[in-house]
2 protein chains.
Amino acid sequence: MKDLNEVISELSQSSNKIERRRPRRTSRSITSGGKRSRERTLSPQERLQRFETAVQQQVVSLPADTKHIRMIPLGGLGEVGRNMMALEYGDDIMVIDAGLRFPEEDMPGIDFIIPNTKYLEERVDRIRGIVFTHGHYDHIGALPYVVEKLGYPPLYASPLTRGILLKRQEEFKTSKKVDITDVRDGDSVKLGAFTVNFFHVNHNIPDDLALYIETPMGYIIHTSDFKFDPDPVNDKPADLNYIKELGDKGVLLLMSDSTDAEEEGTSISERTILENLETIFKESDKKIVAATFGSLLNRVQQLIMLAEKYGRKVIVEGYTMTTNLEIAKELGYVRLPKGLLVPAKDISKYKPEEILIICTGAQGERNAALMRIANKEHRFIRLDKGDSIIFSSSVIPGNERSVQMLKDALFRQNVKVYHYKMMDIHAGGHAKRADLRKMIELTRPKFFLPVHGQFSMLVNHSWLAQEMGVPEENIVVAENGQVLNLNKEEFFITKETVPANYVMVDGLGVGDVGQIVLRDRQMMAQDGMFVVITAVDSRSGKVRGNPDIISRGFVYLRESQELLKDVRKMVRRIVEESTSYEAVDWAYVKNNIRDDLGQFLFQKTKRRPMVLPVIIEV
Amino acid sequence: MKDLNEVISELSQSSNKIERRRPRRTSRSITSGGKRSRERTLSPQERLQRFETAVQQQVVSLPADTKHIRMIPLGGLGEVGRNMMALEYGDDIMVIDAGLRFPEEDMPGIDFIIPNTKYLEERVDRIRGIVFTHGHYDHIGALPYVVEKLGYPPLYASPLTRGILLKRQEEFKTSKKVDITDVRDGDSVKLGAFTVNFFHVNHNIPDDLALYIETPMGYIIHTSDFKFDPDPVNDKPADLNYIKELGDKGVLLLMSDSTDAEEEGTSISERTILENLETIFKESDKKIVAATFGSLLNRVQQLIMLAEKYGRKVIVEGYTMTTNLEIAKELGYVRLPKGLLVPAKDISKYKPEEILIICTGAQGERNAALMRIANKEHRFIRLDKGDSIIFSSSVIPGNERSVQMLKDALFRQNVKVYHYKMMDIHAGGHAKRADLRKMIELTRPKFFLPVHGQFSMLVNHSWLAQEMGVPEENIVVAENGQVLNLNKEEFFITKETVPANYVMVDGLGVGDVGQIVLRDRQMMAQDGMFVVITAVDSRSGKVRGNPDIISRGFVYLRESQELLKDVRKMVRRIVEESTSYEAVDWAYVKNNIRDDLGQFLFQKTKRRPMVLPVIIEV
């Protein structure tokens, strides 16, 4: 991935340079326009596109290997989300997770990003199965997009994860029905050379399974996303003795969740969270609105328990939350007493102090339930003075400003706002440093690979492993697309790489939006676009009528008549100057319009709209 | 402002509805196209534009009042930045600060936002002066844009603030030279009915002045941005006795900085910061790179002192930092020993352990010095294994992701990274709750107005004031554009409002980018745009040649030939169907193309590019 980024950054720099360079007037009349433009080298856009195509089509020839376990992270290393990892031995490939991630700010319009599975697509007949660790989208969300390309391999997941996967699959039309085998704590599955044993760990969704993989080289542990909670709610603690026993048998490699590797201490027990939430229930004599993630089922369960205890009916709002809750309830993972749930439209039948609303939108998402409630756009729910709003979630980096806007909107309505900075009403799902130490202490691995997290988290996790006695040379900090080799003696990054670039999903398109389309979007977002359409009489070379101008996102046209007049005059001049030659090279004329006009508009406005000249011969 | 937002949100909703509504085919042949479209009501765009114009042109008729001090916050309330407040009594107006703020994520291309000064522009002859509290852009940055419109009123600022203001003014061409009167701790200035006494408080830029204003109704204190630091670096502590004495004389109104009103405790003393920074200097045996805000002059001073003590030369990188440092040095606010500063190009003349680089870019800004260094794009500075990077700043909400990217880029180069979460190497410039309590305790105001901060901060500050004994009815939480009345007996929000909407600066344009241009930018950023140009023979009504298509940011056109073919066919059909009538209403035809094509493209791609049909009659 680093290579791709470097080249792209290089290319965009050169593109800027080209845009700013103004063709020298003098040379124009000397050169015979036509040839010049036909001979010119590839534009940055074209070079970028070729590079992208090359990356996508790159065939990786890695022969089967029985001297090492080959490990290829396809996502989730150096980023949060998009987790996917291939393990290979001889002719057998097993895959852990297939997640998605959300786009960065510089990827407007993109719905999400999935891993590039090119390497696996070329080896479909060798994939023995995909195992899913838990039901969060950063671990399962890419499946609908890749399952067909991977030839419908056998899939394994715990009952809840399976339920969520199957529910989501309903939204997609695939040529074949997706079949998923149910696995539970203690189950084993043989995937070619790999025997995968599943064992229970804690997270903030039930039914999270870590992996103990028996391989020809030794035992590998993959922690899944995990935390240790000695006192979880509606769940049992992870069995530390079992993990220690695995350690006693000798662990060749530990792959451990790095998401909170920069956070000191241990995560707060869900029991403490429950007690703090209870305080709010005790104090409140009006409506309570509790916002959290739609996937945070354990928190939803806590809130339901409190509602029952304090005589409140529960209204659940938000699509993901409703569906997840349904699945979890059906499978018995959430206990929801009969009659407790009421529809939002019945809210007026109850007193404020008899109502708990559990909803999505704690991140300030524009269309989520809490935002609609705060903006008075919800069909049934309005806030009143004295209502209590609970933000039972942390703020995902990047969402700080929208959460602040949401908080302001709430404060304007005289409600009480509780958030995780004020009291412990949220705990993350990931092991912090003390628990990460404990995991290493229990498993005592020979080799160590930090997984799941930004690069800085992986590095900090690697330092922690060193502190815990894993020798520096036995630790690998890897990036997506690198190929790792593991055997009894060594663990190292090879020279090969595998395509692991972002595959962007936008509407129905998977992977069809590349850097070019994105860059155009960014450009237009900055300063808009400016289309000039000139009709030219093909015989006389004269401009017919006035050039048409279409511009959006640049200036308010109605107030810029003077500017437009100048533009029309300029375009007319450029076109008629060019057509005084015998053979007119329209590409060359358009380039001149683009350069001169771009320059002119920048001079006048200090903005750089995307200039698009059109010439129509009539 | 709330009204504007509401209307805009209403309008955008209705616009969405209109876009999604498909004109019924059946009605098309019945209606005689022409009249229909000419009679149609205003489009949402037009309505929005009219509303905007109306807001901007709104004349506020508030007669002179000698029964109250009239106070009008024009910016800085319910937001961080853009601070500006007008105080009015009879025929006299004084103004506190004129700041800018940075755009939100949904304002692509905008450089910054300044206050709407319409109200003041209509009363230019009554403005007795603008006083500036300190030299940060959120308090001074709007001056170049408004000074002319406000008729070059008398300006007052401390020497450093004045230096920064004058330096910035050089970048702007105004019809008249701007003149600023120098004021210092202890100075008094008479501005009509107001006598402004300036007194020293601590912040993270030197020369910050709070205001003690004598008015016909009583004494008003404006804290400026402030914190209490008993042990500041290169500065003296605020004189608490003096502030207490002011309290003893009786304070009618306290306006106090709310930026950190949600943070418990006191801010860390700069002495502690200095000690922690020193630890890093002691431990480091390679280059040190310290990144902070360009305006955080006190931190820069600390770093310079440490460089001197530990035998390192100093390289300063980043435009704002360099200019601010120059001004401060010239005015004697920063002590910079001779020969300590060396240019970046000389870096190779020194050993790594002899170098300290102080630079901008701690927020992960794309073009700032640290990012260029991290990306290996800096002309002279490269990082090496073992270098120490100090982030001596907090992360501004909204910048978390870019800071993470920057950190990752640094970790990839094997450097040590120190940030404020690891140790106290940064303190904010704002009083936290303990110090806010102290300010109220010292001044014992009758009335209280929280200023400078998001709405949630203002509310929390108001609660704090209540806890400190200010009666609830004596506290006003106000919004920009509201008109407050204050006299000896009462302090309240009146029914009037004054235009206080965002005035957006984009390149040379001030206020010319409105909601329409912004919305177009957002739309194009999401799914791009799609222009179809059809040449029609004006006599036969037949389409000439193939419709031209220009699209950017939508799909990669070269891979969508099939789609484009369908589009051309469709457009041709729509045009030729319409031109079979006698009088062709082109606006109506274009609407049909826009609707049908938009629908078609959405069906095929689940994307909604901005569709722009052009018809050229030839």
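Bear in mind the structure is a predicted one, so any value in this text is a computation, not a measurement. A, B, ... follow the sequence lines: proteins, then strands. Residue 1 opens every chain.
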Heavy-atom distances under 4.5 Å only: say whether B:Q454 touches chain A with side chain, backbone, both or neither. both

Side chain from CB out, backbone as N, CA, C, O: work out which of these in B:M107 comes under 4.5 Å of a heavy atom of chain A, or both, or neither. neither

Is A:P609 in contact with chain B via its backbone, its side chain, both, or neither, using a 4.5 Å heavy-atom distance? neither

Okay, A:V555 and chain B: the region with an atom under 4.5 Å from a heavy atom over there is both

Does B:R521 reach the side chain of A:D527, with side-chain heavy atoms less than 4.5 Å apart? yes

Any chance you could measure B:R552, atom CZ, to A:M523, atom CE, to the nearest 0.5 Å? 9.5 Å

Just give me the residue among B:I616, B:I550, B:D537, B:T605 that pairs up with chain A most often, heavy atom to heavy atom, under 4.5 Å. B:T605

Contacting region of B:F602 [heavy-atom separation from chain A under 4.5 Å]: neither

At a heavy-atom distance under 4.5 Å, which candidate from B:G78, B:G507, B:A525, B:G509 has the highest pair count against chain A? B:A525

Checked B:L410, B:I533, B:D506 vs chain A; the most non-hydrogen pairs under 4.5 Å come from B:D506

Under 3.5 Å donor-acceptor, B:D408 side chain and A:F455 backbone: yes

Side chain / backbone / both / neither for B:V531 at chain A, heavy atoms under 4.5 Å: side chain

Distance in Å, A:K606 NZ paired with B:D111 CG, rounded so as to fall on 0.5 Å steps: 11.5 Å

What closest approach, in Å, do A:R607 and B:V513 show between heavy atoms, and which atom pair accounts for it? NH1-CG2, 3.5 Å

What option among B:P108, B:P397, B:S456 has the most heavy-atom pairs under 4.5 Å with chain A? B:S456

Taking side chain as everything from C-beta outward and backbone as N, CA, C, O, which of these in B:D548 sits under 4.5 Å from a heavy atom of chain A? Side chain, backbone, both or neither. side chain

Only pairs of heavy atoms separated by less than 4.5 Å count here; which of A:Q522, A:R544, A:E105 has the most with chain B? A:E105

Taking all atoms of both residues into account, what is the closest heavy-atom pair of A:Y556 and B:I516, and its distance? CE1-CD1, 4.0 Å

Heavy-atom distances under 4.5 Å only: say whether B:D106 touches chain A with side chain, backbone, both or neither. side chain

Is chain A contacted by the side chain of B:N460, its backbone, both, or neither, given a heavy-atom distance below 4.5 Å? side chain

Just checking A:E472: does its CD atom have more than 12 heavy atoms from other residues, nucleotides or ligands closer to it than 6.0 angstrom? no

Indicate yes or no: at least one non-hydrogen side-chain atom of A:E104 is less than 4.5 angstrom from one of B:M405. yes

Is the count of non-hydrogen atoms from other residues, nucleotides or ligands lying under 6.0 Å from B:N367 atom CG greater than 12? no

Hey, what do you get for CD (A:Q404) to CD (B:E79), rounding to the nearest 0.5 Å? 12.0 Å

Could you tell me the separation between the CE atom of B:M524 and the CG atom of A:D520, rounded to the nearest 0.5 Å? 11.0 Å

Are more than 12 heavy atoms, taken from residues, nucleotides or ligands other than A:K604, located less than 6.0 Å from that residue's NZ atom? no

Taking atom CD of A:E400 and atom CG of B:N399, what is their separation to the nearest 0.5 Å? 9.0 Å

Look up atom CG in A:L612 and atom CE in B:M529, then write down how far apart they are to the nearest 0.5 Å. 4.5 Å

